[in-house]
Enquirer: 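Structure provided below as structure tokens; questions to follow.
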Number of protein chains: 2
Amino acid sequence: MGPKEISNISVDCVVFGYDIKRKSLNILLIKRYLESETGSSVLVDDYVLTGYHVYEHETLDEASSRVLNKLTGLTNLYKKQFKAFGAPDRLMGEADQIWVKKKQFSPRTFTIAYYFLLKTEDVTLEGNANKAKWFPIEELPRLGFDHEKIIKEAHEDLKVKCLSEPITFELLPVKFTINDVQDLYQSILGIEIDNRNFRRKLINKKYIIALGEKQTGVSKKPAQLYMFSKDVYDKVFNKNYLISI
Amino acid sequence: MGPKEISNISVDCVVFGYDIKRKSLNILLIKRYLESETGSSVLVDDYVLTGYHVYEHETLDEASSRVLNKLTGLTNLYKKQFKAFGAPDRLMGEADQIWVKKKQFSPRTFTIAYYFLLKTEDVTLEGNANKAKWFPIEELPRLGFDHEKIIKEAHEDLKVKCLSEPITFELLPVKFTINDVQDLYQSILGIEIDNRNFRRKLINKKYIIALGEKQTGVSKKPAQLYMFSKDVYDKVFNKNYLISI
DNA sequence: ACAAAAGTGTTCACTTTACACCCATGT
DNA sequence: ACATGGGTGTAAAGTGAACACTTTTGT
């Protein structure tokens with residue numbers, strides 16, 4: 001017998017994974033599938049976020065990290081609790097009700113939603129018991145429960161957050177090129193950015209450090225590699241109170 | 001018998017009220033007081049946020065508005081759900097446990113926290129059954145549960161939010177002076193702002209509309225009155241993707 | 001006339017934006 | 001040699017920050 005679950009409270013994790021090769025911001029989703037008893041019809045066939053009930057003894061942050069770790073094996077990732085969802089009808093879709101009955105959790109479950117930032121290459125999906133799969137944020141499949149809404153809100157929060165905090169580097173490898181960062185911002189924000197202006201801006205930051213190394217194994221001019229120094233960032237960081245309404 | 005309460009989930013409301021006369025950003029708190037059965041000692045004597053269990057049939061937003069309305073009689077205020085709190089020990093202080101036992105709610109209650117913005121002058125506290133009282137954000141009394149933490153996080157969120165969205169006008173009367181707005185920003189952010197620069201900046205906004213009226217009943221030079229036009233703001237608003245990391 | 005707060009301009013430094021071509025490398 | 005993405009410079013416009021005195025009104 002494991003730890004006691006709180007039956008009406010869960011955490012859900014929106015896992016953002018950046019695929020640097022495809023320049024694609026992805027979401028990690030889990031297959032939800034159920035056939036009727038006779039096997040003659042498909043009752044549930046869609047995707048959901050990874051999530052689970054909160055245990056009696058743990059904090060919300062701990063619960064979210066546990067859930068994320070169970071799916072990916074990873075720890076110490078950047079995470080943010082961004083919103084709670086608890087509408088009475090959030091699990092009331094046809095397929096959702098079948099699923100809720102089968103899994104025997106409360107039809108009035110509140111979920112505290114987190115998002116996590118990582119690199120797709122850090123996750124091994126082969127042999128995953130949950131049939132987890134990456135989907136580009138712009139090409140999501142049919143989603144169960146209110147998870148489409150949850151993902152949309154996570155994405156909005158990420159868009160805002162990435163403009164004011166250096167969280168983008170959580171989505172990139174330790175060594176990256178300036179163009180990698182630009183591609184990432186473009187993927188997150190869905191906009192085009194001027195390369196010269198972006199490059200100048202980034203290179204002028206003291207916490208973006210040129211490594212004096214170049215890319216290897218590329219079939220073109222290899223680019224200069226940089227790293228992000230959190231130490232320097234924390235020292236240099238200067239809270240500004242610019243009112244831009 | 002009223003609507004059914006969900007025993008382990010509540011909403012808590014951080015009510016920000018701006019007192020334009022005193023130039024003070026205040027928090028509305030409720031007295032928590034309990035004597036021992038003999039009356040010989042005081043078991044609980046502090047303040048808490050207003051909050052209540054969520055009902056079976058309602059959304060979180062509805063619950064928060066209901067709670068706020070019960071305390072203040074007001075509706076249609078600006079509100080924001082900013083964070084959920086659910087640490088196992090959040091109701092485990094000595095006084096908290098006495099209170100939880102008396103009120104018979106679950107010692108593992110999760111709360112979804114909202115903040116509301118209003119003007120202190122819009123709330124009538126006389127004859128309030130809850131012994132509610134305003135406290136300047138910088139002079140909070142002893143607080144029960146984890147409510148000091150909740151208030152701190154609400155304040156931080158408000159600081160960030162007021163820099164990028166015109167929510168400050170929710171804290172001011174319809175007609176206000178430029179200096180009123182400056183005082184408010186100073187109260188929220190805890191900083192000093194240059195009057196000339198601030199004034200120029202605000203007056204240049206198309207949605208800050210000079211009314212051609214002046215203050216009355218002031219014992220000094222009366223100031224020009226302005227209003228905020230949400231209509232104009234929505235039309236003029238231009239999402240910008242300025243990366244300032 | 002005085003007290004109190006309202007209101008007013010300028011300069012300098014820096015940042016943003018717009019824009020098009022050459023360069024270095026691997027194949 | 002060629003294809004591919006890497007890398008580069010400048011000018012104009014706008015914004016932010018610093019800074020001190022005069023004006024208007026009520027009492």
Side-chain angles (χ1 to χ4, degrees), chain A residues 20-24 163-164 172-173 175-187 189 191-227 236-245, chain B residues 20-24 162-164 172-173 175-187 189 191-206 208-227 236-245:
Chain A
I20 195 171
K21 292 194 192 94
R22 299 183 188 191
K23 304 179 183 181
S24 168
L163 296 177
S164 64
L172 292 169
K175 301 178 181 186
F176 51 78
T177 70
I178 299 296
N179 288 346
D180 287 338
V181 187
Q182 180 179 340
D183 290 336
L184 171 53
Y185 270 101
Q186 292 180 164
S187 295
L189 299 171
I191 58 170
E192 298 256 293
I193 300 173
D194 181 274
N195 180 256
R196 273 177 292 190
N197 294 336
F198 184 84
R199 178 179 290 282
R200 177 176 36 245
K201 182 168 198 163
L202 227 63
I203 290 177
N204 284 336
K205 303 289 180 194
K206 293 191 191 65
Y207 46 86
I208 302 290
I209 297 166
L211 292 171
E213 286 178 62
K214 304 214 158 187
Q215 285 178 311
T216 54
V218 289
S219 63
K220 52 174 183 188
K221 177 175 173 179
Q224 173 72 243
L225 291 172
Y226 293 82
M227 61 168 280
V236 166
F237 178 71
N238 205 341
K239 196 164 193 169
N240 80 346
Y241 289 101
L242 186 52
I243 298 166
S244 45
I245 55 170
Chain B
I20 195 170
K21 290 191 193 98
R22 300 184 186 188
K23 304 180 185 182
S24 169
C162 76
L163 296 177
S164 64
L172 292 169
K175 301 178 182 187
F176 51 79
T177 70
I178 299 295
N179 288 345
D180 288 338
V181 187
Q182 181 180 341
D183 290 337
L184 172 53
Y185 271 101
Q186 292 180 165
S187 295
L189 298 171
I191 58 171
E192 298 255 292
I193 300 173
D194 180 275
N195 180 257
R196 275 177 288 190
N197 293 336
F198 184 84
R199 177 178 228 86
R200 178 178 33 247
K201 183 168 197 162
L202 227 63
I203 290 177
N204 283 336
K205 304 288 179 192
K206 294 190 190 65
I208 302 291
I209 297 166
L211 292 170
E213 287 178 62
K214 301 211 161 190
Q215 284 179 310
T216 54
V218 288
S219 62
K220 52 172 186 194
K221 176 174 174 179
Q224 174 70 244
L225 290 172
Y226 293 82
M227 61 168 281
V236 165
F237 178 72
N238 205 341
K239 196 163 190 168
N240 81 345
Y241 290 102
L242 187 51
I243 298 166
S244 45
I245 55 172

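Only a predicted model underlies this, so the values are computations on that prediction, with no experimental measurement involved.
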Enquirer: Among residues at least two apart in sequence or on other chains, which ones pass side-chain contact (heavy atoms from CB on, under 4.5 Å) with Ser24(B)?
Expert: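 Ser24(B) satisfies side-chain contact (heavy atoms from CB on, under 4.5 Å) with Asp19(B), Arg22(B), Asn26(B), Pro136(B) once adjacent residues are dropped.
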Enquirer: Over how many whole Å does the gap from Asp194(A) atom CG to dG6(D) atom P extend?
Expert: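 It works out to 14 Å between those atoms.
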Enquirer: Is there a donor on the side chain of Asn197(A) or the base of dA18(C) sitting less than 3.5 Å from an acceptor on the other?
Expert: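 Result: at least one qualifying N/O pair found.
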Enquirer: So Asn179(B) and Arg199(B), do their side chains get closer than 4.5 Å, heavy atoms only?
Expert: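 Sidechains of Asn179(B) and Arg199(B): in contact.
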Enquirer: With a 4.5 Å cut-off on side-chain heavy atoms, are Ile203(A) and Ile208(A) touching?
Expert: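 In short, these two side chains do not touch, never coming nearer than 4.5 Å.
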Enquirer: Could you go through the side-chain contact (heavy atoms from CB on, under 4.5 Å) check for Tyr226(B) and Asp180(B) one step at a time?
Expert: CA-CA 10 Å; Tyr226(B) 293 82; Asp180(B) 288 338; over 6 Å; no
Enquirer: Nearest-Å distance, CG (Asn195(A)) to C1' (dA18(C))?
Expert: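 Roughly 14 Å, once rounded to whole Å.
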Enquirer: Return the value, rounded to whole Å, for the distance between atom CZ of Arg199(A) and atom C1' of dT16(C).
Expert: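 Distance check: Arg199(A) CZ to dT16(C) C1' gives 18 Å.
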Enquirer: State, yes or no, whether a side-chain contact exists between Phe198(B) and Ile178(B) at a heavy-atom distance under 4.5 Å.
Expert: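 Yes, close enough: below the 4.5 Å cut-off.
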Enquirer: Specify the separation, in whole Å, of atom CD1 of Ile178(A) and atom C1' of dG5(D).
Expert: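 Taking atom C1' of dG5(D) as the reference, CD1 of Ile178(A) is at 15 Å.
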Enquirer: Which part of the nucleic acid does Asn179(A) contact within heavy-atom distance under 4.0 Å: base, sugar-phosphate only, or nothing?
Expert: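 Touches sugar-phosphate only.
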Enquirer: Rounded to whole angstrom units, what separation is found between the CG atom of Asp180(A) and the C1' atom of dG5(D)?
Expert: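 It works out to 12 Å between those atoms.
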Enquirer: Is the shortest heavy-atom distance from the side chain of Leu172(B) to the side chain of Leu184(B) under 4.5 Å?
Expert: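 Side chain of Leu172(B) against side chain of Leu184(B), heavy atoms only: contact under 4.5 Å found.
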Enquirer: Please report, rounded to the nearest Å, how far the C1' atom of dT16(C) is from the CD1 atom of Ile193(A).
Expert: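 To the nearest whole Å, that distance equals 14 Å.
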Enquirer: Looking at the side chain of Lys221(B), which of dG5(D), dA5(C), dG9(D) is the nearest nucleotide?
Expert: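 Given the options dG5(D), dA5(C), dG9(D), the side chain of Lys221(B) is closest to dA5(C).
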Enquirer: Give a yes or no on whether Lys23(A) atom NZ has more than 12 heavy-atom contacts from other residues, nucleotides or ligands under 6.0 Å away.
Expert: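 No, NZ of Lys23(A) has 12 or fewer neighbouring heavy atoms, counting only those of other groups under 6.0 Å.
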Enquirer: Can you pull out the residues from residues 200-218 of chain A that lie within a 4.0 Å heavy-atom distance of DNA chain C?
Expert: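 When residues 200-218 of chain A is checked for heavy atoms under 4.0 Å from DNA chain C, the hits, listed by number, are Arg200(A), Lys201(A), Val218(A).
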Enquirer: Using a 4.0 Å cut-off on heavy atoms, which residues in residues 238-245 of chain A reach DNA chain D? List them by number, or say none.
Expert: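 Residues of residues 238-245 of chain A that come under 4.0 Å of DNA chain D are, in numerical order, Leu242(A).
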Enquirer: CZ of Phe176(A) versus P of dG5(D): gap in Å, rounded?
Expert: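 For the pair Phe176(A) CZ and dG5(D) P, the rounded distance is 21 Å.
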Enquirer: Does the side chain of Leu225(A) reach to within under 4.5 Å of the side chain of Lys214(A), using non-hydrogen atoms?
Expert: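 Result no, sub-4.5 Å side-chain heavy-atom pair not found.
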Enquirer: Could you tell me how far apart Ile191(B) (CD1) and dA18(D) (P) are, to the nearest whole angstrom?
Expert: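 Computing the Ile191(B):CD1 to dA18(D):P distance gives 11 Å.
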Enquirer: With a 4.5 Å limit on heavy-atom distance, are the side chains of Tyr185(B) and Tyr241(A) in contact?
Expert: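 The answer is no, as the side chains (C-beta and beyond) never meet within the 4.5 Å cut-off.
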Enquirer: By nearest nucleotide on DNA chain C, pick out whichever of Arg196(A) and Ser219(A) is the more 5' one.
Expert: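 Counting from the 5' end, the first nearest nucleotide belongs to Arg196(A).
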